[in-house]
Structure formats: C-alpha cells, structure tokens
Undergrad: 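My questions will all concern the structure given below.
Basis for what follows: all heavy atoms, side chains included, without hydrogens, waters or symmetry-related copies.
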Amino acid sequence: MTHAHRFHLDVEGHSVTVQTRHGARETELLVDGKVVDYLHARTGHREPTTALTAELPGDPPQSFRITLRFGEAPAYPAVCLMEFAGRSHPMPAIPLAQDDTTPSGMTRPSLRSTRRLVRSLLRRTHRR
C-alpha cells in the first residue's frame, strides 16, 4: 500500500492538483503545474485534516481552499475537497504510477528471470 496520494480537478480552464508524500507528512498544492502552497508536518506526526489555500490566476484572481482528510485505517482512504465559489467540489484520486510496470502496462521481468534468460541464450550459442 502506498503512502502517497494524488488528487486532480480541472476548474475554469486551470489544473489543480494535490499531492502527498512520505506518509502524508508533505502536502503540496499545484495550480497549472506550479507549486502554490506547501505544508510539511513534523516527523512522525500527521494531522487528520490538512487545509491549503491558493488563488486561480485571472483578473481578478479567485481564491479557493483545499481540505484533505486522511482515513483512520487503510480501509478508509484519504478524501480531498475543493471549496470554490461557495461550493464544495470533490477531487478525484489519481492512481500513482507503479514502479514495477512499463508504460504499456506490462510488468517488468524480475532480475532473476532476466538472468535465467541470458544464461539460457548463452548456453544455446555455446553448444553450436
């Protein structure tokens, strides 16, 4: 189970993303790919609710607030809400890329199976 989360929502032509890392001790808010707010909790400590604020670019800029609630147990995932223009919008969770998959979605072979394949090929070439 991963200890990182990513939530994303497109609002009025702008991209809003919330990312957590290191067991949710670090939380950053990105607007159009740029970090606009950042929160770092003390080591070994994580608040059950995190609040971040920022503004959407424009004339005039429009402020919004992000509320991130972490579940008490792994069965209860984190929930992210964006409060914008007097309404609350849930931000969908975006799955994080797995280190053990390739872009095509196929899993990479293990080191052991790669070694077996190389040994087998070497044996075949030396027999001839």
Undergrad: Under a 3.5 Å cutoff, is there a donor and acceptor pairing between the side chains of T17 and H8?
TA: yes
Undergrad: Looking at residues at least two apart in the chain, or sitting in another chain, which of them share a salt bridge (Lys or Arg N to Asp or Glu O under 4.0 Å) with E28?
TA: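 Salt bridge (Lys or Arg N to Asp or Glu O under 4.0 Å) check on E28 returns R21.
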Undergrad: Calculate, to the nearest 0.5 Å, the distance between atoms CE and CZ belonging to M82 and F7 respectively.
TA: 14.5 Å
Undergrad: Report whether V79 and V16 are members of the same hydrophobic cluster (ILVMFWY, side-chain heavy atoms less than 4.5 Å apart, transitive linking).
TA: no
Undergrad: With rounding to the nearest 0.5 Å, note down the distance linking OG1 in T20 to NE2 in H5.
TA: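 The OG1 atom of T20 sits 4.5 Å away from the NE2 atom of H5.
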Undergrad: L30 and I66: same hydrophobic cluster, using ILVMFWY side-chain contacts below 4.5 Å?
TA: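 No.
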Undergrad: Taking all heavy atoms of F84 and all of S63, pick out the closest pair and write down the distance.
TA: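 What the structure gives for the nearest pair is CD1-O, 3.9 Å.
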Undergrad: For L81 and P90, work out which heavy atoms get closest and say how close.
TA: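 Heavy atoms of L81 and P90 come nearest at CD2-CA, 3.6 Å.
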Undergrad: Any side-chain to backbone donor/acceptor pair from D37 onto L29? Under 3.5 Å, distance only.
TA: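 Side chain of D37 to backbone of L29, a donor-acceptor pair under 3.5 Å: no, none is there.
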Undergrad: Side-chain contact test, heavy atoms from C-beta onward, threshold under 4.5 Å: evaluate it for T67 versus C80 and give yes or no.
TA: no
Undergrad: Please determine whether residues L68 and V11 belong to a single hydrophobic cluster, defined as Ile, Leu, Val, Met, Phe, Trp and Tyr linked transitively by side-chain heavy-atom distances below 4.5 Å.
TA: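 Looking at the clustering, V11 is in the same group as L68.
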Undergrad: For residues V18 and M91, determine if any side-chain heavy atom of one lies less than 4.5 Å from a side-chain heavy atom of the other.
TA: yes
Undergrad: Look at the side chain of T49 and the backbone N and O of R69, then say whether any donor-acceptor pair between them is shorter than 3.5 Å.
TA: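 No: the side chain of T49 does not pair with the backbone of R69.
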Undergrad: Where do H14 and P57 come nearest, in terms of heavy atoms and distance?
TA: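 So the minimum-distance heavy-atom pair works out to NE2-O, 3.2 Å.
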Undergrad: For H89 and E83, indicate whether the former's side chain and the latter's backbone hold a donor-acceptor pair under 3.5 Å.
TA: no
Undergrad: Once you round to the nearest 0.5 Å, how far does CG of D10 lie from CD of E12?
TA: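 D10 atom CG to E12 atom CD measures 11.5 Å (nearest 0.5 Å).
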Undergrad: About how many Å separate CD1 of I94 and CD of Q19, when rounded to the nearest 0.5 Å?
TA: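 Reported to 0.5 Å precision, the distance equals 10.5 Å.
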